[in-house]
Amino acid sequence: MAKFLTNREENYAQWYNDLVIKADLAENSAVRGCMVIKPYGFAIWEKIQAELDRMFKATGHVNAYFPLFIPKSFFSKEAKHVEGFAKECAIVTHYRLKKDENGKGVIVDPTSKLEEELIIRPTSETIIWNSYKNWIHSYRDLPILINQWGNVVRWEMRTRLFIRTAEFLWQEGHTAHATREEAIEETVRMINIYAEFAENFMALPVIKGYKSENERFAGAIDTYAIEAIMQDGKALQAGTSHFLGQNFAKAFDVQFTDKTGKLDYVWATSWGLSTRTIGALIMAHSDNHGLVLPPRLAPIQVVIIPIFKNSVQLEQISEVALKIRKKLEAKSITVKFDDRDNNTPGWKFADYELKGVPVRIAIGPRDIQNGTVEIARRDTLKKETVTVDTAISQISHILDEIQGNIFRKALEFKKENTLYVDKWEDFVNILDNQGGFIMAHWDGSPETEEKIKEETKATIRCIPFDSPEEDGKCIYSGKPSKRRVLFARSY
RNA sequence: CGGGGUGUAGCGCAGCCCGGUUAGCGCAUCUGGUUUGGGACCAGAGGGUCGCAGGUUCGAAUCCUGCCACCCCGACCA
């Protein structure tokens with residue numbers, strides 16, 4: 001089966017790539033490192049957007065939009081921030097083209113050089129805080145709870161569809177608060193929203209935690225992240241929320257008068273989640289038949305495929321199919337009736353499996369005779385013949401079951417592949433042979449983390465919020481440690 | 001930026017070493033027919049500046065030189 005896909009166990013990276021292309025989610029573009037998100041892939045992103053947007057608004061956030069271009073000078077205002085992003089910026093230096101006088105084509109008009117170069121945003125803290133300076137004068141102006149949906153560019157050396165592209169789509173929240181406590185509360189709130197979204201919609205169990213100093217966002221006091229495990233045992237960061245302290249307020253001189261009349265700098269957070277989550281979705285659930293999409297994010301939840309020999313049969317089948325579609329749509333289920341006659345039913349079965357459609361209904365002459373349909377589930381690949389009425393009444397339930405089942409499977413996988421390790425040689429062996437999450441003690445020093453990374457390519461994914469206090473010795477240095485942290489190789 | 005590789009039809013490739021009919025195959029596309037309960041079959045058709053530029057030669061996809069692009073592996077990263 002699925003002879004068109006590379007086998008997942010043989011070559012995981014190739015399997016992933018094949019899947020993205022063959023399921024028609026995205027393709028490489030003419031621009032190195034940038035992808036074209038095709039309609040089916042974009043439909044998943046739209047579902048992600050709709051849900052997150054709802055969650056943001058339910059917690060008091062509003063949307064706004066800031067420019068794509070950032071004056072170069074803005075970047076030098078926050079020292080750590082520049083350092084973090086300087087190596088991967090696209091820079092606009094000119095604003096005009098002209099005809100090449102020597103031949104065909106166009107050249108950059110040298111007389112159009114910009115006085116100050118513009119950076120294509122790798123993230124928007126600087127341009128946003130430059131605006132916030134003008135918006136905030138008093139505690140009454142706070143908090144500001146703004147989210148932006150947009151694109152950013154990070155000039156990555158090596159790219160992979162969805163997982164790491166030079167341009168990607170995301171949302172970035174940027175909030176401003178009167179107190180440290182309130183900002184921290186916001187940072188926590190948002191990482192919780194991401195975790196909730198990952199688990200309830202993406203069916204992706206995650207570990208919430210703090211980033212170590214080495215892995216922290218450039219310019220943040222503290223970074224919280226959700227980390228998920230992929231089927232090859234590597235970790236993938238699915239969302240981050242940063243407590244920025246007063247760093248950006250100081251860099252952009254954003255002060256406000258508090259209730260007592262004192263001037264103080266504003267406290268900030270930022271948080272983001274990108275199209276990378278689509279990569280996580282693919283890598284976490286899919287199999288050798290193709291995508292397995294969680295019903296809550298699937299662009300098509302139910303596909304109806306007619307099996308017919310002639311137009312009379314198709315007519316009879318269509319009547320039943322359209323009735324089912326109408327009833328399901330009334331329950332807010334997305335249904336596609338694929339009555340194209342240029343592909344055989346077998347081809348369509350395989351194709352919708354490849355595309356991860358959770359439920360397939362097949363209707364043939366035999367079913368018309370018996371008043372039945374065949375229901376197939378993408379998660380278990382099991383088929384069942386039921387009456388039309390049963391199908392109509394059961395589909396919602398089946399979709400919920402699939403959603404839950406995919407989550408449980410991923411949760412089980414995460415449990416099986418999270419190992420508590422105390423010996424260095426075990427640590428190395430596990431990483432080399434099976435991968436996975438490793439909970440181990442760490443002495444808390446960036447130097448030790450760096451050495452572990454050099455020797456094993458594993459990094460601290462996070463210091464889990466719920467990691468209990470426990471006396472132990474650092475896996476590498478043997479120095480005392482109070483809690484275990486999460487190590488893994490990552491994407 | 002280091003190391004490896006590839007550019008030939010929309011996609012995937014063969015041909016290149018050893019230059020020589022009209023550049024070929026599979027998939028896809030189009031037409032006609034038979035099919036349709038797990039990626040159908042037959043017959044026919046269309047589609048190419050062989051990555052670009054120069055050179056060698058009677059003759060270049062093939063040999064030489066330069067350039068460009070992309071892919072894979074490392075360092076960097078959501």
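Every chain is numbered from 1, with letters handed out A, B, ... down the list of sequences.
The base of B/G37 does not come close enough to the side chain of A/Lys383 for any donor and acceptor atom to sit less than 3.5 Å apart.
Whole-Å rounding puts the A/Phe217 CZ to B/C76 C1' distance at 16 Å. For A/Glu450 and B/C76, the CD to P distance is 8 Å, given to the nearest whole Å. In this structure, A/Lys453 atom NZ and B/C76 atom C1' are separated by 8 Å, rounded to whole Å. What separates CG of A/Asn17 from P of B/G12 is a distance of 12 Å, to the nearest Å. Counting to the nearest Å, the P atom of B/C76 and the CD1 atom of A/Ile163 are 19 Å from each other. Computed from coordinates, the A/Arg366 CZ to B/G38 C1' distance equals 12 Å when rounded to whole Å. If you measure from atom CG of A/Asn288 to atom C1' of B/G38, you get 17 Å, rounded to the nearest angstrom. With rounding to whole Å, A/Asn28 atom CG is found 14 Å from B/C11 atom C1'.
For A/Glu374, counting side-chain heavy atoms from C-beta on, the closest listed nucleotide (B/A75, B/C76, B/G37) is B/G37. Closest approach to the A/Glu353 side chain among B/G38, B/A75, B/G37 is made by B/G38 (side chain taken as heavy atoms from C-beta onward). Ranking B/G37, B/G39, B/C76 by closeness to the A/Ala350 side chain, first place goes to B/G39. When distances are taken from the side chain of A/Asp367 to each of B/G74, B/G39, B/G37, the shortest belongs to B/G37.
Between A/Lys211 and A/Glu227, at least one side-chain N (NZ, or NE/NH1/NH2) sits under 4.0 Å from a carboxylate O, which counts as a salt bridge. A salt bridge between A/Lys234 and A/Asp232 is absent, with no side-chain N of the basic residue lying under 4.0 Å from a carboxylate O of the acidic one. Salt bridge status for A/Asp287 with A/Arg378: present, with a side-chain N to carboxylate O gap under 4.0 Å. With salt bridges taken as basic N to acidic carboxylate O contacts below 4.0 Å, none links A/Lys22 and A/Asp351.
Ring planes of A/Tyr12 and A/Trp15: tilted class, angle from 30 to 60°. Aromatic ring orientation, A/Phe465 versus A/Tyr210: perpendicular (interplanar angle above 60°, classes split at 30° and 60°). Relative orientation of the A/His81 and A/Phe75 rings is parallel, given thresholds of 30° and 60° on the angle between their planes.
Taking atom P on both nucleotides, B/U22 is separated from B/G59 by 15 Å, rounded to a whole Å. A gap of 16 Å separates the P atoms of B/U49 and B/G12, to the nearest Å. The gap from the P atom of B/A23 to that of B/G47 amounts to 13 Å, rounded to the nearest Å. B/C70 and B/G51: their C1' atoms are spaced 10 Å apart (whole Å). Atom P of B/G33 sits at a distance of 40 Å from the matching atom of B/G15, rounded to the whole Å. Rounded to whole Å, the C1' atom of B/C68 lies 29 Å from the corresponding atom of B/C25. When the C1' atom is compared between B/U56 and B/G4, the two are found 30 Å apart, to the nearest whole Å. B/C17 and B/U62 have their P atoms separated by 9 Å, given to the nearest Å.
Near RNA chain B, defined here as any heavy-atom distance below 4.0 Å, the residues from residues 227-239 of chain A are A/Gln237, listed numerically.
Relative to the six-membered ring of A/Trp170, A/Arg121 misses at least one condition, a distance below 6.0 Å or an angle of at most 45° to the axis. Cation-pi contact between A/Arg360 and A/Tyr352: absent, since separation from the ring centre below 6.0 Å together with deviation from the ring axis within 45° is not met.
Using a 4.0 Å heavy-atom cutoff across all strands shown, A/Thr165 reaches at least one base atom of the nucleic acid.
With a cut-off of 3.5 Å on both pairing distances, the Watson-Crick and G-U wobble pairs of RNA chain B assemble into stems of 3 or more at B:1-7 with B:68-74, B:10-13 with B:24-27, B:29-34 with B:40-45, B:51-55 with B:63-67.
Looking only at atom types and distance, the side chain of A/Gln237 has no donor-acceptor partner in the side chain of A/Tyr491 under 3.5 Å away. Between A/Glu117 and A/His94, the side chains place no donor N or O within less than 3.5 Å of an acceptor N or O (distance only, hydrogens not considered).
Remark on RNA chain B: of its neighbouring residues A/Gly33 and A/Glu167, the 5'-side contact belongs to A/Gly33, judged by nearest-heavy-atom nucleotide. Nearest-nucleotide assignment on RNA chain B puts the 5′-proximal partner with A/Arg360, out of A/Arg360 and A/Thr275.
No more than 12 heavy atoms of other residues, nucleotides or ligands shown are found within 6.0 angstrom of CD on A/Glu319.
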Polar atoms only, N or O, under 3.5 Å: list the protein pairs with nucleotides 27-36 of chain B and their distances.
residue	atom	partner	partner atom	Å
B/U36	O4	A/Lys309	O	3.4

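In terms of heavy atoms, A/Thr187 sits closest to A/His242 at CG2-C, 3.6 Å.
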